[in-house]
K.L.:
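This is the structure, below, for whatever I ask next.
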Amino acid sequence: MLLRLPTSLSEAQRYLGEGAVPVGGATLVWALWQRDGFPEQAMSLRELPQANLMEREALGAAVLLHQVDDRMPEVLRRAASTVGTGAVRRTATVGGNLVGSTLRCLLPAALVLDARATVLDRDGTYETDLAEVVAKRHLLLGLRWRDPVTSGYYKAPGEAGGPPPLVVATAVHAGSDGRPRLFVAVRDGYEVTSESIPCHSGPEHTLEALDRTGLGALPAQAREAVGREVNGILNRSADR
């Protein structure tokens, strides 16, 4: 297998055209390749500057999970810190987690940041939403978002090899009309549900409005966790 390491977008685009398979951190594909056979060419973005950005409002797809630090919003930093073991986080990439994993541990955090994705195909780069990236498994270059007023992340305890633990990600953004807006994303099992609503006069009214969205159909345990996390983040945002 020939491993390609492009240093420019034009190189990466050319390798894609030649059939190179994106490899990410190889934590997810290596076992499959050992079972099914290795491709003739693979491509890693670890040398591509655009895929290694790490700023307050931008994160590259080739960044390793253990590198996600306090430059990132709290929700994204905490999500990355809870993925797998330390050994996994030192190898797994942001793009591999969002696109290659069935768990997509970073997806709730990215959704509440209202992130947009930059992807690369044989025709070049373009921006799209996370739903398209996940559905079509695009080659992700990175994410961009608006810095939230505050954010939070909860992951329920889980057992190795057991069902995916419940995840609740939250963020409050300054709305374009001057009214704060609440974003909530929940991973229940393998499904991720997200909603956003204007913040109401108090946590109780906001939770009532949130319960009238798709999140209201969640199981009782998940709704309880959402209520707890929303109360906490609304109280924190009121203090800012």
Side-chain angles (χ1 to χ4, degrees), residues 22 24-25 27-29 45 51 53-54 57-68 72-85 88-89 91-120 127-148 151-156 158 162-173 181-197 210 213-215 217-219 222-223 225-226 229-230 233:
T27 57
L28 296 168
V29 299
L45 302 182
L53 285 175
M54 192 156 55
E57 296 186 342
L59 183 63
V63 172
L64 301 178
L65 297 184
H66 83 101
Q67 295 174 319
V68 177
M72 300 291 102
E74 179 181 352
V75 63
L76 193 55
R77 184 174 71 251
R78 290 176 59 188
S81 72
T82 64
V83 175
T85 63
V88 168
R89 293 191 293 274
T91 306
T93 63
V94 170
N97 183 272
L98 283 168
V99 181
S101 170
T102 56
L103 293 176
R104 299 190 294 274
C105 299
L106 300 186
L107 182 58
L111 286 169
V112 300
L113 290 175
D114 200 21
R116 297 283 293 173
T118 301
V119 300
L120 175 69
E127 188 179 276
T128 187
D129 59 38
L130 290 167
E132 181 178 325
V133 172
V134 171
K136 298 185 178 179
R137 300 174 68 87
H138 289 306
L139 176 55
L140 181 67
L141 288 178
L143 303 173
R144 289 190 177 275
W145 57 84
R146 296 176 297 120
D147 196 21
S151 62
Y153 183 83
Y154 167 76
K155 186 175 186 178
L166 174 72
V167 167
V168 180
T170 53
V172 173
H173 291 266
R181 193 167 186 89
L182 171 69
F183 286 72
V184 180
V186 178
R187 187 188 71 188
D188 181 41
Y190 290 95
E191 297 299 318
V192 177
T193 306
S194 64
E195 298 285 352
S196 71
I197 61 170
L210 198 62
T213 70
L215 295 177
L218 290 169
R223 294 200 309 275
V226 168
E229 292 300 300
V230 168
I233 197 170

K.L.:
Can you list everything that forms a side chain to side chain contact (heavy atoms under 4.5 Å, CB included) with Leu53? Sequence neighbours excluded, please.
P.N.:
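Once residues adjacent in sequence are excluded, the partners of Leu53 under the side chain to side chain contact (heavy atoms under 4.5 Å, CB included) criterion are Glu55, Arg144.
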K.L.:
For Asp147, which residues count as a salt bridge (Lys or Arg N to Asp or Glu O under 4.0 Å) partner, sequence neighbours excluded?
P.N.:
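Scan of Asp147 (salt bridge (Lys or Arg N to Asp or Glu O under 4.0 Å), adjacent residues dropped) gives Arg56.
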K.L.:
Could you list the residues that satisfy side-chain hydrogen bond (donor to acceptor under 3.5 Å, both in side chains) with Glu191, not counting sequence neighbours?
P.N.:
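None.
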K.L.:
May I have all residue pairs that pass salt bridge (Lys or Arg N to Asp or Glu O under 4.0 Å) and include part of residues 92-103, sequence neighbours excluded?
P.N.:
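Residue pairs passing salt bridge (Lys or Arg N to Asp or Glu O under 4.0 Å), neighbours aside: none found.
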K.L.:
What pairs with Arg78 under side-chain hydrogen bond (donor to acceptor under 3.5 Å, both in side chains), at least two apart in sequence or on another chain?
P.N.:
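Applying side-chain hydrogen bond (donor to acceptor under 3.5 Å, both in side chains) to Arg78 gives Glu74.
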K.L.:
Excluding sequence neighbours, so at least two apart, what forms salt bridge (Lys or Arg N to Asp or Glu O under 4.0 Å) with Arg146?
P.N.:
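Salt bridge (Lys or Arg N to Asp or Glu O under 4.0 Å) check on Arg146 returns Asp114.
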K.L.:
Who passes ring-ring contact (aromatic ring centres under 6.0 Å, His included) against Phe183, sequence neighbours left out?
P.N.:
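Phe183: ring-ring contact (aromatic ring centres under 6.0 Å, His included) contacts with His173.
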K.L.:
List in chain and number order the residues that pass salt bridge (Lys or Arg N to Asp or Glu O under 4.0 Å) with Arg181, two or more places apart in sequence or in another chain; answer none if no residue qualifies.
P.N.:
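Once residues adjacent in sequence are excluded, Arg181 has no partner under the salt bridge (Lys or Arg N to Asp or Glu O under 4.0 Å) criterion.
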K.L.:
Can you sort out the partners of Ala62 under side chain to side chain contact (heavy atoms under 4.5 Å, CB included), two or more places apart, ordered by chain and number?
P.N.:
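Only Leu45, Ala51, Asn52 meet the side chain to side chain contact (heavy atoms under 4.5 Å, CB included) criterion with Ala62.
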K.L.:
Go through the structure and list residues passing side chain to side chain contact (heavy atoms under 4.5 Å, CB included) with Thr213, not counting sequence neighbours.
P.N.:
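Thr213 satisfies side chain to side chain contact (heavy atoms under 4.5 Å, CB included) with Glu195, Ile197, Leu210, Leu215 only.
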K.L.:
Enumerate the residue pairs fulfilling side-chain hydrogen bond (donor to acceptor under 3.5 Å, both in side chains) with a member in residues 132-141, sequence neighbours excluded, ordered by first and then second residue.
P.N.:
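For residues 132-141: Tyr126-Glu132, Tyr126-His138, Thr128-Glu132, Glu132-His138.
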K.L.:
For Ala225, enumerate each residue passing the side chain to side chain contact (heavy atoms under 4.5 Å, CB included) test, keeping only those at least two apart in sequence or located in another chain.
P.N.:
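Side chain to side chain contact (heavy atoms under 4.5 Å, CB included) check on Ala225 returns Tyr154, Leu166, Val168, Arg228.
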